[in-house]
Q: 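Sharing a structure here in structure tokens format.
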Amino acid sequence: MSAPDRQSVESPRSCEIARLKQVEAQLQRMTRVFMDGADPIVIRDLEGRILDVNCEVQRVFGWTREELIGQRTQHVLPPEWHALADDVLERCQRGEAVRNVEASVRTKSGETVPILTTAFLLTDENDAPVAIANIVKDISRLKETEARLRQRNGEIRQFVGAVSHDLGAPVRAVRSFAEDLQLFEHELPDDRARENVQFILDCAERMQQLLDDLMDYSRLDRAEAPLTSVDCERVLQQALMNLRADILVGEAEVTHDPLPTVPGNASQLVRLFQNLIGNGVKFRGDAPPRVHVSARRDDGLWEFTVSDNGIGIDPRHFEKVFGVFQRLHSQEMFPGNGVGLASCKVIVERHGGRIWVESAPGEGSVFHFTLFAETPMAHEGED
Ligand code: ADP
């Protein structure tokens, strides 16, 4: 037997030392990431008491580590957020990662800072729960920008409302003079003159329709009625009633999965469904239109889908179609004003959700929008 070689005798111990050094270095790196993290991080025990916080917590909220360690998060949350904090804690204890919850933190100087936080369970190498981590984002600047934008949008819509109202009178006058002329058609010099009068009437009618749509659009923001519990099955039925003539004439079939009840404004949601389903029926290809409405729960949100088998939309126009007066086709091909999807966007955003489309030319379109599943006070934001 040969003498044991030096290396193989020493290797278990030196390996262990090397491994420990590696672990230590890794721990140091992780501690640095934690302490110097760009966002406030709070580590809590499984009962929700704060074990540690990083430097950003003091910078953003003013509280020192010493003031926070051992406290519950309620200590720094205004009372209206306490129930939500309990709910998030419970869900983390069950192992759920709770993402992007909106809340507010009370700073040491007594101000309130809006935040977005993600909370999840930390486990050891055996997967046993050891603590709960909260990564917190200060969203005050985002909220300020959002408020400014909302105000600006409101002002623009008010302006649009005023303009469409003021233009209504001259348009009605043009229409009524043209109608008068039509009454005395036989006194008009020739067919060309008669055609021109008819043309003026058609244009005035179309202009009136545009102004009415614009007026409705401008009113969407003013309807700040409190959100009530709205059964989307009933909303859908109402939308289908309003569309029954188009569905009948187009030989369209509209099907749906069970739909939930959500907090919302019923008449605006009817309009939302009606615009999307109506477009599915209108922008048809050769086959009879087939529109399907469904909803799936995604954390604190419902994601609705309205899909059709129509002409589809080129991905280049996915943003454009949600703009006011933005259309991809001529009046002759498909009548419309280009206000429908813009209204859908305002309605969904007013409900705190998001709307988008997936499609390809000739492949049908799938419109998605999200709505909160519960009252917005206790909602979670989107990823
Ligand atoms: P309108 O229906 O009055 O034209 P919308 O604002 O509802 O206006 O839609 C804007 C444009 O987006 C439409 O003109 C059309 O080009 C496109 N579009 C909307 N919905 C669909 C759909 N389901 N399939 C294909 N194109 C669509």
Side-chain angles (χ1 to χ4, degrees), residues 153 156-157 160-161 164 202-203 205-221 235-236 238-240 242-247 249-256 267-295 303-351 353-370:
N153 276 343
I156 291 171
R157 269 195 279 278
V160 167
S164 45
D202 291 346
C203 284
E205 227 162 82
R206 171 134 177 73
M207 221 167 349
Q208 187 60 56
Q209 187 59 52
L210 275 169
L211 293 177
D212 290 349
D213 286 353
L214 260 187
M215 185 73 112
D216 280 353
Y217 175 75
S218 74
R219 283 188 182 131
L220 284 173
D221 249 15
V235 164
L236 178 79
Q238 184 61 53
L240 293 180
N242 299 347
L243 288 167
R244 65 187 180 281
D246 296 330
I247 292 176
V249 172
E251 295 179 346
E253 189 184 11
V254 182
T255 51
H256 70 97
S267 62
Q268 290 197 353
L269 293 183
V270 170
R271 194 152 159 203
L272 171 66
F273 277 73
Q274 189 176 321
N275 287 354
L276 293 176
I277 298 169
N279 278 351
V281 172
K282 176 165 67 170
F283 295 102
R284 59 177 292 171
D286 293 334
R290 297 282 173 265
V291 180
H292 185 71
V293 184
S294 61
E303 184 184 316
F304 292 78
T305 311
V306 180
S307 54
D308 65 58
N309 62 342
I311 56 171
I313 301 172
D314 189 314
R316 280 180 304 156
H317 302 309
F318 283 179
E319 290 284 319
K320 181 179 169 179
V321 291
F322 292 101
V324 187
F325 290 149
Q326 298 297 335
R327 312 198 66 235
L328 307 178
H329 307 95
S330 66
Q331 258 321 301
E332 290 68 40
M333 264 175 100
F334 295 104
N337 291 335
V339 182
L341 288 183
S343 303
C344 290
K345 188 162 153 60
V346 175
I347 293 170
V348 170
E349 287 176 356
R350 206 196 139 241
H351 282 76
R354 200 161 72 82
I355 184 165
W356 69 100
V357 62
E358 286 172 8
S359 178
E363 308 263 308
S365 305
V366 185
F367 282 86
H368 303 263
F369 63 90
T370 56

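Both ligands and their constituent atoms are indexed starting at 1 by order of listing.
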Q: Drop me the distance from N153's CG to R350's CZ, to the nearest 0.5 angstrom.
A: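 Going from CG on N153 over to CZ on R350, the span is 13.5 Å.
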Q: Let me confirm one number: the CD1-CG distance from I247 to L240, rounded to the nearest 0.5 Å.
A: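 Answer rounded to 0.5 Å: 5.0 Å.
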Q: With a 4.5 Å cut-off on side-chain heavy atoms, are L341 and L276 touching?
A: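 SC-SC contact between L276 and L341 confirmed.
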Q: Return yes if some donor-acceptor pair links the side-chain N/O of N337 with the main-chain N/O of V339 below 3.5 Å, else return no.
A: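 Looks like no, no N/O pair under 3.5 Å.
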Q: Look only at interatomic distance and state if G340 has a nitrogen or oxygen under 3.5 Å from any nitrogen or oxygen of ligand 1.
A: yes
Q: Which atoms form the tightest heavy-atom contact between P315 and S359, and what is the distance?
A: CG-O, 4.0 Å
Q: Quick one: nearest non-hydrogen protein atom to atom 7 (O) of ligand 1, plus distance?
A: N279 ND2, 2.8 Å
Q: Got an N/O contact under 3.5 Å between L328 and ligand 1?
A: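 N/O-N/O distance below 3.5 Å exists for this pair.
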Q: Side chains of S343 and N275, heavy atoms from C-beta outward: is any pair under 4.5 Å?
A: yes
Q: Taking non-hydrogen atoms only, is L276 closer than 4.0 angstrom to ligand 1 via side chain, backbone, both or neither?
A: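 Neither; nothing of L276 gets under 4.0 Å from ligand 1.
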Q: State whether the side chain of N309 and the backbone N or O of P288 hold a donor-acceptor pair below 3.5 Å, judged by distance alone.
A: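 Side chain of N309 to backbone of P288: a pair is present.
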Q: Would you mind listing which atoms of ligand 1 come within a distance below 4.0 Å of any non-hydrogen atom of R327?
A: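 Counting from 1, the qualifying ligand atoms are 1 (P), 4 (O), 14 (O).
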Q: Just jot down the ligand 1 atoms closer than 4.0 angstrom to any heavy atom of H329, in number order.
A: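 Checking each atom against H329, I get 15 (C), 16 (O).
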Q: Can you pull out the closest protein heavy atom to atom 10 (C) of ligand 1? Residue, atom name and distance to 0.1 Å, please.
A: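 Result: Q326 O, 3.3 Å.
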Q: S307 side chain to V366 main-chain N or O, any donor-acceptor pair under 3.5 Å?
A: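 Checked: no pair found.
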Q: Do you know which two heavy atoms are closest between R271 and I347, and how far apart they sit?
A: CB-CD1, 4.0 Å
Q: Should one rank I277, I313, D308, N337 by closest heavy-atom distance to atom 26 (N) of ligand 1, which comes out on top?
A: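 Checking each option, the heavy atom nearest atom 26 (N) of ligand 1 is found in I313.
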Q: Is a side-chain donor or acceptor of R354 paired with a backbone partner of F369 at a separation under 3.5 angstrom?
A: no
Q: Of the protein's non-hydrogen atoms, which lies at the shortest distance from atom 13 (C) of ligand 1, and what is that distance?
A: F283 CZ, 3.4 Å
Q: Touching ligand 1 at all, S365? Heavy atoms, strictly under 4.0 Å?
A: yes
Q: Could you identify the single nearest non-hydrogen protein atom to atom 12 (O) of ligand 1 and state the distance to 0.1 Å?
A: V321 CG1, 3.2 Å
Q: Relative to ligand 1, is F367 under 4.0 angstrom through side chain, backbone, both or neither, heavy atoms considered?
A: side chain
Q: Does the residue K282 have a heavy-atom contact with ligand 1, meaning some pair of atoms that are separated by less than 4.0 Å?
A: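 So K282 counts as touching ligand 1.
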Q: Check whether any side-chain N or O of R327 sits under 3.5 Å from a backbone N or O of F334 as a donor-acceptor pair, and report yes or no.
A: yes
Q: Should one rank G338, C344, P361 by closest heavy-atom distance to atom 1 (P) of ligand 1, which comes out on top?
A: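 Going through G338, C344, P361 one by one, G338 has the nearest heavy atom to atom 1 (P) of ligand 1.
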Q: For G312, counting its heavy atoms only, list the atoms of ligand 1 lying under 4.0 Å from any of them.
A: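 Near G312, the atoms of ligand 1 are 25 (C).
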Q: Please answer whether the main-chain N or O of P335 pairs with a side-chain N or O of K282 as donor and acceptor at a distance below 3.5 Å.
A: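 Present.
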Q: Does an N or O from L341, backbone or side chain, lie closer than 3.5 Å to an N or O of ligand 1?
A: yes
Q: Quick check: does A342 get an N/O under 3.5 Å from an N/O on ligand 1?
A: no
Q: Should N275 be listed as contacting ligand 1, given a heavy-atom distance under 4.0 Å as the test?
A: no
Q: So if I count the atoms of ligand 1 from 1 in the order they appear, which ones are less than 4.0 Å from some heavy atom of G336?
A: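 The atoms of ligand 1 under 4.0 Å from a heavy atom of G336 are 3 (O).
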